[in-house]
Undergrad: 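One structure follows; several queries about it will come next.
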There are 2 protein chains.
Amino acid sequence: MMNIQEIESDKLEMAASMLKAIAHPMRIAILKHLEGGKKLTVTEIHELLGIEQSTTSHHLGILKDKGVLCSKREGKNTSYYLKHDILSQIVDCLQRCTCE
Amino acid sequence: MMNIQEIESDKLEMAASMLKAIAHPMRIAILKHLEGGKKLTVTEIHELLGIEQSTTSHHLGILKDKGVLCSKREGKNTSYYLKHDILSQIVDCLQRCTCE
DNA sequence: TTTACAAATGCAAATATATCAATATTTAGG
DNA sequence: CCTAAATATTGATATATTTGCATTTGTAAA
């Protein structure tokens, strides 16, 4: 049986882990490319960002694991897309706060 | 002279460092307490969160350094408050995405 | 100027992350 | 079944983060 503090602390942990997943230059770049419900494969992202395939897959894995992205196998490819459209808000908010 | 890619990459770095500052359970908790323009001292936050004074100061320093918070000395105390009200959006967004 | 409270800093140990190269797994097509 | 393409995983190394303790700095009041 969990008490209030534990539940609160769990929610904070969850929120932090989701945010930590996003808080990386390459992963923010990935999110920007996926805004508006777009779906992209690992190879497409790896070419768009100009980083290693394995590094790309690793970043996508983190984003999926922490509930930021979903993925769908389509033949040999796997497409990734935003789990919650509203997550774009975070990227937008950052843009406004850092562009002053 | 910076080229487009460098500028873009700089913006991503800046956004990521701001988000990384927020992406910690205690620091999210701090932000929640500061929503709506509230101002709190280091001691108040350290007591609210139940963590060490030095740890609290450290977290506040990170948030200030990365442009999330501002601070103001008032006698022996230092008050901290949100630099941009819209940053509450990020916390709200997380709440919606993690409470499903 | 001495005292006491508030906040910030330096340090060290434990833990977590990021990256790339190499390798493994999955799937489609011959 | 065999091969090639697309992804995922593993291992190793380098780097960064978190925390509390001890100490220092800043400020107000006696």
Side-chain angles (χ1 to χ4, degrees), chain A residues 5 9-10 12-31 33-34 38-81 83, chain B residues 5 9-10 12-31 33-34 38-81 83:
Chain A
Q5 287 84 354
S9 140
D10 258 37
L12 285 175
E13 289 282 352
M14 208 178 309
S17 88
M18 184 174 238
L19 209 55
K20 210 182 292 186
I22 304 176
H24 183 286
M26 285 303 163
R27 300 201 287 262
I28 292 175
I30 290 172
L31 260 58
H33 283 293
L34 296 176
K38 281 196 281 285
K39 295 172 67 175
L40 294 173
T41 67
V42 179
T43 302
E44 286 170 329
I45 293 169
H46 134 68
E47 284 167 354
L48 277 168
L49 304 192
I51 56 178
E52 283 291 318
Q53 179 274 321
S54 74
T55 304
T56 308
S57 179
H58 185 230
H59 285 313
L60 290 169
I62 290 170
L63 288 168
K64 184 184 176 185
D65 184 50
K66 303 306 182 192
V68 180
L69 301 184
C70 292
S71 68
K72 187 159 184 258
R73 258 268 174 195
E74 282 158 341
K76 278 189 279 193
N77 303 311
T78 303
S79 289
Y80 283 84
Y81 53 96
K83 183 165 181 183
Chain B
Q5 287 85 354
S9 141
D10 257 36
L12 285 175
E13 290 281 352
M14 207 179 308
S17 88
M18 182 175 239
L19 208 56
K20 209 184 291 185
I22 305 175
H24 183 286
M26 285 302 163
R27 299 200 290 260
I28 292 175
I30 291 173
L31 260 58
H33 283 293
L34 295 177
K38 282 197 279 285
K39 294 172 68 175
L40 293 173
T41 67
V42 179
T43 302
E44 286 170 330
I45 294 169
H46 134 67
E47 284 167 353
L48 278 168
L49 303 191
I51 57 178
E52 283 292 317
Q53 178 273 321
S54 73
T55 304
T56 308
S57 179
H58 186 227
H59 285 312
L60 290 168
I62 290 170
L63 287 167
K64 184 183 177 186
D65 184 50
K66 302 306 181 192
V68 180
L69 300 184
C70 292
S71 68
K72 185 158 185 255
R73 257 267 175 195
E74 281 157 341
K76 278 191 278 194
N77 303 310
T78 303
S79 289
Y80 283 84
Y81 54 96
K83 183 165 182 182

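Note that the structure is predicted; figures quoted are calculated from it, not measured. The basis for the numbers below is simple: all heavy atoms, side chains too, and nothing from hydrogens, waters or symmetry mates. Quick note on labels: first sequence line is chain A, next is B, and so on, each numbered from 1.
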Undergrad: Applying a 4.0 Å non-hydrogen cut-off, can you work out what A/T56 is touching in the nucleic acid: base, sugar-phosphate, or nothing?
TA: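 Contact class for A/T56: none.
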Undergrad: What pair of heavy atoms forms the shortest contact from A/Y81 to A/L34, and how long is it?
TA: CA-CD1, 4.2 Å
Undergrad: Dump the intermediate steps for side-chain contact (heavy atoms from CB on, under 4.5 Å) on A/L49 and A/T56, then the final yes or no.
TA: CA-CA 9 Å; A/L49 304 192; A/T56 308; 5.7 Å; no
Undergrad: Would you work out how much the helix from C/dT1-D/dA30 to C/dG30-D/dC1 bends between its ends, with each end axis defined by five base pairs, to 10 degrees?
TA: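 Inter-axis angle at the ends, rounded: 20°.
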Undergrad: So which protein nitrogen or oxygen atoms get under 3.5 Å of nucleotides 25-30 of chain C's nitrogens or oxygens?
TA:
none

Undergrad: Looking at CD1 of B/I45 and OG1 of B/T78, how far apart are the two atoms once the value is rounded to the nearest 0.5 Å?
TA: 10.5 Å
Undergrad: Could you tell me how far apart B/K72 (NZ) and C/dA7 (P) are, to the nearest whole angstrom?
TA: 15 Å
Undergrad: Reading DNA chain D in the 5' to 3' direction, which nucleotide is the first one with an atom under 4.0 Å from a heavy atom of chain B, and which is the last?
TA: D/dT17 to D/dA28
Undergrad: Using nucleotides 17-20 of chain C, report all nitrogen or oxygen pairs with the protein that are shorter than 3.5 Å.
TA:
from	atom 1	to	atom 2	distance (Å)
C/dA18	OP1	A/R27	NH2	3.4
C/dT19	OP2	A/H24	NE2	3.3
C/dT19	OP2	A/H59	NE2	3.0
C/dC20	OP2	A/T55	OG1	3.0

Undergrad: For residues 57-76 of chain B, dump all side-chain donor-acceptor pairs below 3.5 Å to protein atoms at least two apart in sequence or in another chain.
TA:
from	atom 1	to	atom 2	distance (Å)
B/H59	ND1	B/R27	NH1	3.1
B/K64	NZ	B/S71	OG	2.8
B/R73	NH1	B/G75	O	3.2
B/R73	NH1	B/K76	O	3.2
B/E74	OE1	B/S79	OG	3.0
B/E74	OE2	B/K39	NZ	3.3

Undergrad: Please set out all donor-acceptor pairs under 3.5 angstrom arising from side-chain atoms of residues 12-24 of chain B, sequence neighbours excluded.
TA:
from	atom 1	to	atom 2	distance (Å)
B/S17	OG	B/M14	O	3.2
B/H24	ND1	B/M26	N	3.1

Undergrad: Just verifying a value: how many Å separate B/H33 NE2 and B/L48 CG, rounded to the nearest 0.5 Å?
TA: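 So the NE2 of B/H33 and the CG of B/L48 are separated by 4.5 Å.
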Undergrad: At less than 4.0 Å, is any side-chain N or O atom of B/S57 found next to OP1 or OP2 of C/dA8? Yes or no.
TA: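 Answer yes for this pair, as a side-chain N or O of B/S57 is under 4.0 Å from OP1 or OP2.
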Undergrad: Test of understanding: with side chain to side chain donor-acceptor pair (under 3.5 Å), list the residues that count as partners of A/E44, not counting sequence neighbours.
TA: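 Checked A/E44 against side chain to side chain donor-acceptor pair (under 3.5 Å); matches are A/T41.
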Undergrad: Base, sugar-phosphate, or nothing: which does B/T78 touch, judged by heavy atoms less than 4.0 Å apart?
TA: sugar-phosphate
